[in-house]
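Beneath this line is the structure, given in structure tokens, with notes to follow.
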Amino acid sequence: MTAETDASAPTGPEKGTESHDPAVPAAYAAFMRTGWAEVERDVPAHPIQPWAAARRERLATAFPGERLVLPAGSFKQRSNDTDYRFRPDTAHTYFSGNHTTDAVLVLTDGEPVLYARPRSGRDSDEFFRDRQYGALWAGERPSLAELETSLGLPVRHRDELDAELRRGGKTRVLRGVDATVDATTAAEGDAAADGELARVASELRLVKDAWEVDELQEACDITTLGFEDAVREWPQVLEHGERWLEGTFFRRARAMGNDLGYDSIVGAGSHATTLHWIDNTGPVVPGQLILLDMGVEGRNLYTADVTRTLPVDGRFTPLQRDLYQLVLDAQQAGIDTVRPGTAFTAVHQAAMTVLAHGLGDLGLLPCSPEEALDPDSRVYARWTLHGTSHMLGMDVHDCAQASVDVYPRGDLAEGMCLTVEPGLYFQADDLLVPEELRGIGIRIEDDVLVTADGCRNLSAALPRTVTDVEEWMGRLVP
């Protein structure tokens, strides 16, 4: 990153600049504003256009005659003058297709307008001075016309948004995304009404359309390649530990997708018993297991979420094999439960029934498996810890603002996508389990699409059975 300093720099930085930036004399600024070509690019129509239009129509139908405001959000600071890579708000992009910062989708009685910040013009210093929005610092943003062509909806300058929001009329805002929008509409704010918008926007994403299914399948396919990359670099994994594996998977995510869907969990040995171990700083030791919970976010922001637990040596020990098979049986019981009309919670119950009886067979439960499975007991959960499923889509934990009566207390429907991911976790300091179990964590997770008569495993390309995992590693490890 550039770090030039100049003794003649102003004492206080202007907006979009920093204190260590060089001074900009008037002559330099005037010269920079001359001699630039006017460029308007030919952009194709984004394939999301018809799908996003249908989604907007469903959303508008839920709130007839009202103004609905869905911001994309802006940059988030990482440290001092550096920001995280921007990722737009999920609801905004679901209904618009837009990926640019600071944009706001407004539906007024069903008619959409996208208010966007276009690329910086050459009539001000922004294009060569502003670190967040300047073309020479951050890259060219699309013009309003380019956005309109790409997304297939009217696009106006963000500067016109304030007047629109102050025009009056029943308005609902997706809150907590854009501080400026929140402030502008604060006087007319209605927390209950805004919450209803967030709920409906979330519930509309529960059933995936055909375009979304293809996006999820692509994310799973790229994720499979990322797992294969990691196993092909097993000698380096053994040398450098969890960090190497994390980095290898990230390379695939960036090369073929947008990013990671979430921070990769790379838990070797006892780190596998920490559900969200994202430090990924430990060694990978022969004789142990390693838990890999990783997912690629595709370029249209749909993410996979897959977990495999692998034997570091390439072959399971007898104890590891038995525990792994127990988790696999539990996962299969959950997958077999997935079909339209089944309660979402039934998937978890099916998997937990298998695990509770397995824990009983191991002599770990203080009561019978049936007693442990009673909702007033659940003592088996000491070693299972988490739910078996969550919805999946543009967010790894998708549709989180849906009514609890719809999700998780509702029924599955054709087109929903969810994970099935039971696990067993024996903490290293758990004195209630035999010493040979301590520090072992196993989770197996796949992404399944509810079909008319059951489900389709979108991540089935990655092996799951003991035999298939060992054969797969034996084939790929150098």
Side-chain angles (χ1 to χ4, degrees), residues 48-73 88-98 103-115 151-156 161 164-178 181-182 184-213 215 300-302 340-341 344 390-395 397-418 450:
I48 202 175
Q49 281 193 20
W51 304 101
R55 298 167 191 170
R56 291 193 295 272
E57 184 176 353
R58 291 195 297 272
L59 182 64
T61 299
F63 303 101
E66 299 185 18
R67 181 188 294 112
L68 311 178
V69 183
L70 298 97
D89 177 78
T90 291
H92 172 89
T93 303
Y94 178 78
F95 291 106
S96 71
N98 172 65
V104 180
L105 175 66
V106 178
L107 296 176
T108 304
D109 198 16
E111 294 301 315
V113 176
L114 182 71
Y115 293 87
L151 302 178
L153 74 168
V155 181
R156 299 176 188 163
L161 175 65
E164 168 63 24
L165 296 181
R166 297 182 187 278
R167 202 164 50 82
K170 179 66 178 292
T171 299
R172 298 176 191 256
V173 180
L174 202 63
R175 298 282 175 183
V177 180
D178 187 308
V181 170
D182 285 349
T184 302
T185 57
E188 300 81 23
D190 182 331
D194 294 339
E196 188 76 355
L197 171 61
R199 178 188 68 78
V200 172
S202 196
E203 290 177 6
L204 286 175
R205 301 204 315 273
L206 281 167
V207 173
K208 272 54 181 178
D209 56 43
W211 189 79
E212 293 181 280
V213 172
E215 291 295 314
N300 289 305
L301 308 187
Y302 288 84
F344 174 84
H390 58 77
M391 292 298 178
L392 184 70
M394 293 178 73
D395 290 339
H397 294 153
D398 208 27
C399 311
Q401 297 186 71
S403 166
V404 295
D405 291 328
V406 174
Y407 165 62
R409 295 177 187 163
D411 293 342
L412 297 175
E414 184 177 359
M416 290 181 175
C417 187
L418 63 150
V450 184

Applying salt bridge (charged side-chain N to carboxylate O under 4.0 Å, His left out) to Arg205 and Asp395, what does each step give before you reach the verdict? CA-CA 10 Å; Arg205 301 204 315 273; Asp395 290 339; 3.6 Å; yes
Short question: side chain of Lys208, backbone of Glu414 - any donor-acceptor pair under 3.5 Å? no
Any Leu392 side-chain heavy atom under 4.5 Å of His397 side chain: no
Looking at SG of Cys399 and CE of Met394, how far apart are the two atoms once the value is rounded to the nearest 0.5 Å? 11.0 Å
Does the side chain of Asn300 come within less than 4.5 Å of Ile48's, by heavy atoms? no
Could you report the tightest heavy-atom contact between Val207 and Ala413, atom names first, then the distance? CG2-CB, 4.4 Å
If every non-hydrogen atom of Leu174 is compared with every non-hydrogen atom of Ala91, which pair is closest and at what distance? CD2-CB, 3.6 Å
Main-chain N/O of Ala193 paired to Arg172 side chain as donor or acceptor, under 3.5 Å: yes
Flag the pair Thr184 / Asp182 as yes when at least one side-chain heavy-atom distance between them is below 4.5 Å, and no otherwise. no
Is a side-chain N or O of Asp89 found less than 3.5 angstrom from the main chain of Ala72, in a donor-acceptor match? no
Is there a side-chain contact between Val106 and Pro112 (heavy atoms, below 4.5 Å)? no
Those residues that, when tested against Gln401, pass side-chain contact (heavy atoms from CB on, under 4.5 Å) (two or more places apart): Ala198, Ser202
Where at least one partner belongs to residues 50-62, residue pairs that pass side-chain hydrogen bond (donor to acceptor under 3.5 Å, both in side chains), sequence neighbours excluded: Arg55-Asp209
Say you draw a straight line from CG of Asp190 to OG1 of Thr185; how long is it, rounded to the nearest 0.5 Å? 11.5 Å
Does any non-hydrogen side-chain atom of Val200 lie less than 4.5 Å from one of Leu59? yes
What residues form a side-chain contact (heavy atoms from CB on, under 4.5 Å) with Thr171, not counting sequence neighbours? Arg67, Val69, Val173
So, for Pro88 and Leu301, which heavy atoms are closest and what is the spacing to 0.1 Å? CG-CD1, 3.7 Å
Quick one, Val113 and Leu153 - any side-chain contact, counting heavy atoms below 4.5 Å? no
Heavy-atom pair of closest approach, residues Met391 and Leu412: CE-CD2, 4.2 Å
Taking all atoms of both residues into account, what is the closest heavy-atom pair of Arg175 and Asp194, and its distance? NE-OD2, 2.8 Å
Does Leu418 reach the side chain of His390, with side-chain heavy atoms less than 4.5 Å apart? no
Sorted by chain and residue number, the side-chain contact (heavy atoms from CB on, under 4.5 Å) partners of Glu111 (sequence neighbours excluded) come out as none
Please walk me through it: do Asn98 and Leu105 pass side-chain contact (heavy atoms from CB on, under 4.5 Å)? CA-CA 9 Å; Asn98 172 65; Leu105 175 66; over 6 Å; no
Return the set of residues passing side-chain hydrogen bond (donor to acceptor under 3.5 Å, both in side chains) with Tyr94 (not counting sequence neighbours), or none when no residue passes. none
Min side-chain heavy-atom separation Leu107-Phe95 under 4.5 Å: no
Of all residues at least two apart in sequence or in a different chain, which pass the ring-ring contact (aromatic ring centres under 6.0 Å, His included) check with Tyr407? Phe344
Over all heavy atoms of both residues, which pair between Arg167 and Thr108 is shortest? Give the atoms and the distance, please. NH2-CG2, 3.9 Å
State whether the side chain of Glu203 and the backbone N or O of Ser403 hold a donor-acceptor pair below 3.5 Å, judged by distance alone. yes
Show the numbers, then the answer: is there a side-chain contact (heavy atoms from CB on, under 4.5 Å) between Val404 and Val406? CA-CA 5 Å; Val404 295; Val406 174; over 6 Å; no
